[in-house]
Amino acid sequence: MMTETILAGFGGQGILFAGKMLAYFGLMDNKEVSWLPSYGPEMRGGTANCSVCISDDAVGSPLVTEPDVLIVMNGPSYDKFINDVKPGGIAIIDSTLIETKCTRDDIKCFYVPSTQMAEEQGLKGMANIILIGKLIKETGIASDEVIRKALEKIIPPAKAQLIDKNLKAISLGMEV
Amino acid sequence: MERKLMKGNEALAEAAIRAGCKCFFGYPITPQTEISAYMSKRMPKVGGVFLQAESEVSAINMVYGCASSGIRCMTSSSSPGVSLKSEGVSYIAGADLPCVIINVMRGGPGLGGIQPSQADYWQATKALGHGDFQLLVYAPSSVQEMADTVTKAFDLADKYRMPALILADGLLGQMMEPVAFEDVDISFGDGSDKEWAARGHNNERKHNISNSLYLKPDELEDRIVERFKRYDVIKANHTEAECYKTDDAELIITAYGSVARIAKAAVDAARAKGIKVGLFRPITLWPFPEKELKAACANAENVLCVEMSMGQMIEDVKLALECKKNVEFFGRTGGIVPKPSEILAKIVEMTQKGAE
């Protein structure tokens with residue numbers, strides 16, 4: 001079993017961090033994982049994306065071209081990746097920033113106004129994590145225990161207060 | 001051992017320090033700058049040296065000087081920067097000094113691009129500089145191997161007094177994967193175990209000189225012949241390769257580095273269609289694992305070489321097989337990473353042609 005995910009949006013939205021969190025869910029669950037960022041000119045003030053693979057066996061290509069799951073946080077990235085999602089796959093879309101509605105009927109789309117939700121809930125800058133919460137709900141990729149362990153790994157002790165904020169953002173996403 | 005997620009560049013840097021690399025001389029260039037960044041953070045904490053040189057040429061000459069003293073040292077760059085280092089590499093080889101050089105390849109020639117590539121195979125295995133010499137060349141294929149091969153590179157470089165190169169690419173450098181390190185106490189040698197090292201000796205012995213200049217042809221020839229005898233020992237003892245599902249394979253894919261893992265995904269997809277395909281992955285590119293390749297291809301009719309270049313390793317594949325097999329090529333270049341589906345399409349094409 002292998003789950004391939006692409007996360008995409010603007011630089012500064014925490015796309016790479018959200019991808020890292022997802023990779024840590026796999027690591028804490030004793031799975032094989034890979035995380036590959038886009039690097040290069042598109043990062044500087046433009047779009048950012050990363051590929052995350054979580055698998056029972058060794059990961060072959062870390063570069064995801066046909067994702068099972070797409071998390072997308074801006075229009076240009078939506079246009080770039082929406083048609084690549086595998087039939088039967090899912091797309092989780094920040095509907096505060098992306099107005100387009102998907103016309104594909106072979107994938108499941110979830111529209112989450114995560115940027116707006118984050119602002120209303122005092123979680124500014126954590127729209128990415130709300131979308132991760134939605135991903136957990138739809139795929140069951142991480143248990144509560146795994147989520148907590150992963151957060152403890154990626155958030156340095158000096159910023160431990162952020163663990164609760166991330167948990168809050170995840171549960172918001174799971175309730176949508 | 002605890003597994004943690006690290007970028008290939010960072011895992012390689014950490015492994016180098018654990019292997020006793022005391023001095024790192026760097027210069028930034030995408031996609032390998034994380035090596036320098038990691039070294040700059042870590043080296044001061046463990047009592048090593050991080051030095052950002054003013055250019056790639058300076059960095060390799062600092063390595064030349066440091067290696068002369070018997071201290072383990074390293075430099076890293078990416079394709080255009082490695083070309084700049086080539087003069088220094090030749091001098092280091094000519095002076096028979098051990099060191100480790102990293103090339104995290106990007107597209108070329110010239111400034112090329114910054115996305116992953118394997119177009120420096122010829123440079124790494126045939127001629128990273130002028131003169132009669134070889135480098136030991138390792139081609140890791142995962143983040144764990146980025147760490148493991150650097151340790152081997154330091155050990156063999158010391159043993160045979162020659163530079164070793166890790167030939168990685170932007171994909172391996174930038175990606176994160178789980179990696180585990182054995183518990184070791186970090187300790188740096190002082191070079192005193194190397195009788196050739198140019199280091200302080202209180203006039204208790206004749207002084208050592210590191211030099212690559214031999215104006216008398218017979219003297220220079222002797223040096224080179226002696227060096228090539230060492231190369232023969234290396235060829236006989238230190239080739240490494242991985243075979244994946246090659247036993248019953250009718251078609252063997254040859255691929256190294258990051259492309260090998262993509263090829264592996266294609267092998268699995270072809271096997272699911274009932275096509276008997278296997279993967280042969282050289283881990284050492286010099287010495288090239290000729291015997292191992294011949295053995296892996298014993299029952300195969302066809303060989304497919306897959307690279308992120310226009311086809312460079314394919315020449316070594318053909319040489320090793322003495323042109324007795326049909327060897328075909330599939331590659332993407334310029335920074336494009338091949339998809340498993342593209343490799344699978346080529347596999348299907350070759351096996352159908354064979355069936356006709």
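Convention: sequence-line order gives letters A, B, ...; per-chain numbering from 1.
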ask   = Rounded to the nearest 0.5 Å, how far does NZ of Lys153(A) lie from CD of Glu2(B)?
value = 4.0 Å
key: Smallest separation among heavy atoms of Pro340(B) and Ser61(A), with atom names   = CG-CB, 4.1 Å
ask   = Of the backbone (N, CA, C, O) and the side chain (C-beta and beyond), which part of Ser34(A) lies under 4.5 Å from a heavy atom of chain B, both, or neither?
value = both
request  = Select one option (side chain, backbone, both, neither) describing which atoms of Gln144(B) are under 4.5 Å from chain A's heavy atoms.
outcome  = neither
ask   = Hey, which of Pro178(B), Ser258(B), Gly113(B), Ala265(B) has the most heavy atom pairs under 4.5 Å with chain A?
value = Pro178(B)
task = Heavy-atom distances under 4.5 Å only: say whether Val59(A) touches chain B with side chain, backbone, both or neither.
result = both
task = With a 4.5 Å cut-off on heavy-atom pairs, point out which of Leu171(B), Val259(B), Asp268(B) contacts chain A the most.
result = Leu171(B)
key: Within 6.0 angstrom of Lys165(A) NZ, more than 12 heavy atoms from elsewhere   = no
request  = Answer yes or no: does atom CE of Met310(B) have more than 12 heavy-atom neighbours from other residues, nucleotides or ligands under 6.0 Å?
outcome  = no
query = Tell me, side chain or backbone of Lys339(B) under 4.5 Å from chain A's heavy atoms, or both, or neither?
reply = side chain
message = Looking at Gln161(A), I'd like to know if its CD atom is crowded, meaning that more than 12 non-hydrogen atoms belonging to other residues, nucleotides or ligands lie closer than 6.0 Å.
response = yes
Chain B contact via Leu63(A) - side chain, backbone, both or neither, heavy atoms under 4.5 Å = side chain
task = Can you establish whether the number of heavy atoms outside Asp183(B) located under 6.0 Å from its atom CG is more than 12?
result = no
remark   = Looking only at heavy atoms, the pair that brings Gly170(B) and Tyr39(A) closest together is CA-OH, 3.5 Å
ask   = Would you call Glu32(A) and Arg3(B) a side-chain contact if the rule is heavy atoms closer than 4.5 Å?
value = yes
message = For Lys4(B), is there any backbone N or O sitting under 3.5 Å from a side-chain donor or acceptor partner on Tyr24(A)?
response = no
inquiry  = Using a 6.0 Å cut-off, check whether atom CG of Asp79(A) has over 12 heavy atoms from anything other than its own residue.
reply    = yes
remark   = Nearest heavy-atom contact between Arg261(B) and Gly60(A) is NE-O, 2.8 Å
task = Measure the SG-CE distance between Cys53(A) and Met175(B) for me, rounded to the nearest 0.5 Å.
result = 8.0 Å
task = State, with a plain yes or no, whether a side-chain heavy atom of Val33(A) is found less than 4.5 Å away from one of Glu177(B).
result = no
query = Does atom NZ of Lys101(A) have more than 12 heavy-atom neighbours, drawn from other residues, nucleotides or ligands, at distances under 6.0 Å?
reply = yes
ask   = Take atom CD in Glu66(A); do more than 12 heavy atoms of anything else shown fall under 6.0 Å from it?
value = no
